[in-house]
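I have placed the structure first, in the form of structure tokens, so that the comments after it can refer back to it.
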Protein chains: 2
Amino acid sequence: MAQTVERTVSPRRAELVAAATRLFSERGYHGTSMKHLADTLGVLKGSLYAHIGSKEELLYDVVAEGAGRFLTRANAAAALEGSASDRLRAFLVGHIETAIEHLDAATVFLNEWRYLSDDLRADVQDKRDAYEGLIRRIVTDGISSGEFRADADVAMTARLVLSAGNWVYAWYRPGGSLSSTEIGHRYTELIVRGLETNSINAEVAK
Amino acid sequence: MAQTVERTVSPRRAELVAAATRLFSERGYHGTSMKHLADTLGVLKGSLYAHIGSKEELLYDVVAEGAGRFLTRANAAAALEGSASDRLRAFLVGHIETAIEHLDAATVFLNEWRYLSDDLRADVQDKRDAYEGLIRRIVTDGISSGEFRADADVAMTARLVLSAGNWVYAWYRPGGSLSSTEIGHRYTELIVRGLETNSINAEVAK
DNA sequence: CCTACCGATCGGTAGG
DNA sequence: CCTACCGATCGGTAGG
């Protein structure tokens with residue numbers, strides 16, 4: 001009782017999850033074998049089962065870790081005081097920063113979660129629904145406050161924000177000229193202000 | 001020489017490609033076995049090789065067919081006479097109609113193309129680049145004509161359009177209340193006109 | 001973490 | 001399109 005209990009996942013398991021994040025991202029869940037994973041860690045595949053129960057458990061770990069990161073950032077953005085467009089910007093910037101800082105985890109989260117079995121997939125679906133609820137709420141608030149146009153389509157606006165954020169993994173490559181923060185800002189400008197000229201927003205903007 | 005030459009792919013091969021489109025979409029390329037495909041068609045897996053050379057050839061067929069559909073519609077949109085926003089709308093509506101009418105093919109095209117070997121993948125990449133070039137051109141034209149704001153970011157705007165279109169497969173389910181055409185229109189409105197109030201666009205719009 | 005192994009399945013082929 | 005088969009690999013386990 002004097003010693004702190006080892007409640008953290010074993011470091012070896014964490015290495016396994018890290019390797020799985022990498023390989024599942026590059027080759028897909030079904031395209032990655034346990035032997036592949038084992039080779040990466042320098043052990044034989046049978047040895048992996050000292051740390052995990054199954055390959056699917058590993059996928060769930062990677063996906064849940066990704067989902068958790070996105071949700072944490074989004075909750076922070078939604079809780080900000082400030083205008084709806086401030087919160088929308090914080091939400092999208094946070095999403096894109098997360099996606100880029102953890103590109104492999106984001107890729108697996110977005111592409112491979114559908115291969116989870118029913119129970120685990122339902123768990124992830126709940127998190128995705130909660131996530132979408134946060135951005136919808138921000139849009140709704142902006143309409144209530146008069147900041148966004150009254151006839152704005154909440155569902156479609158929320159989806160456009162998510163589409164911008166969720167597609168980043170597909171085109172972003174490290175070393176680009178724009179930072180993740182800058183990418184988020186530009187998308188937000190586009191969505192909030194639109195493209196057309198003849199808008200007084202152009203003059204209002206700094 | 002009197003008979004027309006059988007130049008069309010054999011109907012059996014077409015059925016195979018159709019089955020592959022379905023299964024690769026649901027389970028992924030690596031998650032679909034040749035036995036699986038064969039079961040769907042009611043034959044033994046060895047028999048499939050009378051129609052194809054390899055499993056990868058099948059993936060390429062599905063992906064190339066999807067890419068072709070998108071490109072055809074996009075070329076038509078880009079060739080329209082009319083304002084840049086008209087062409088942007090036609091581009092996005094065409095993309096979304098194509099994605100929804102051929103949801104499985106679109107899903108495979110977007111998610112599984114990366115598992116093609118280098119040569120075939122490069123071929124698909126070229127088509128993707130051409131596609132992105134078309135929408136960038138439309139945005140550039142809109143800036144030149146003064147229709148879009150002069151400080152618009154061409155690359156980011158084009159990416160936002162593609163993000164909206166490419167993410168549809170991830171959330172759209174048949175039986176929704178919006179038609180594919182309507183979805184395309186609403187996204188286009190959002191991108192072109194923006195969300196904020198205090199825009200004279202609100203009054204200008206019909 | 002290794003040795004040694006399990007039954008099942010993988011993509012693909014030869015020959016008819 | 002079937003029969004019959006190929007070597008390789010799959011996820012996973014028992015026992016140490």
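Please read these numbers as outputs of a predicted model, since none were measured by experiment. Heavy atoms only: backbone and side chains are in, while hydrogens, waters and symmetry mates are out. Reminder, nothing fancy here: chain letters follow the sequence lines and each chain counts from 1.
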- Could you state the atom-to-atom distance from CG of B/L48 to P of D/dC1 in whole Å?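 It is 9 Å, rounded to the nearest whole Å.
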- Whole-Å distance separating the CG atom of A/L44 from the P atom of D/dT9: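 Whole-Å distance recorded here is 15 Å.
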- Query: Is there side-chain contact between B/W171 and B/V168, with at least one heavy-atom pair below 4.5 Å?
  - Reply: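 The answer is yes, as the side chains (C-beta and beyond) meet within the 4.5 Å cut-off.
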Just checking, any donor-acceptor pair under 3.5 angstrom between side chains of [X] and [Y]?
{"X": "A/S180", "Y": "A/E101", "result": "no"}
{"X": "A/E196", "Y": "B/S85", "result": "no"}
{"X": "B/S144", "Y": "B/D141", "result": "no"}
{"X": "B/D104", "Y": "B/Y169", "result": "no"}

- Query: Between A/R186 and A/E189, is the closest basic N to carboxylate O distance under 4.0 Å?
  - Reply: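 No, A/E189 and A/R186 are not salt-bridged.
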- Task: Give me the ring orientation class for A/H30 and A/Y115: parallel if the planes are under 30° apart, tilted from 30 to 60°, perpendicular past 60°.
- Result: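 Perpendicular, since the angle between the ring planes exceeds 60°.
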- Query: Going through the distances and angles, do A/I191 and B/I191 end up as a side chain to side chain contact (heavy atoms under 4.5 Å, CB included)?
  - Reply: CA-CA 6 Å; A/I191 293 169; B/I191 293 168; over 6 Å; no
- In which ranges does DNA chain C form stems of 3 or more consecutive Watson-Crick or G-U pairs, distances under 3.5 Å?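 Runs of three or more consecutive pairs: C:1-16 with D:1-16.
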- Task: Going 5' to 3' through nucleotides 10-16 of chain C, assign each nucleotide B (protein heavy atom under 4.0 Å from a base atom), S (under 4.0 Å only from sugar-phosphate atoms) or - (no protein heavy atom that close).
- Result: SBBB---
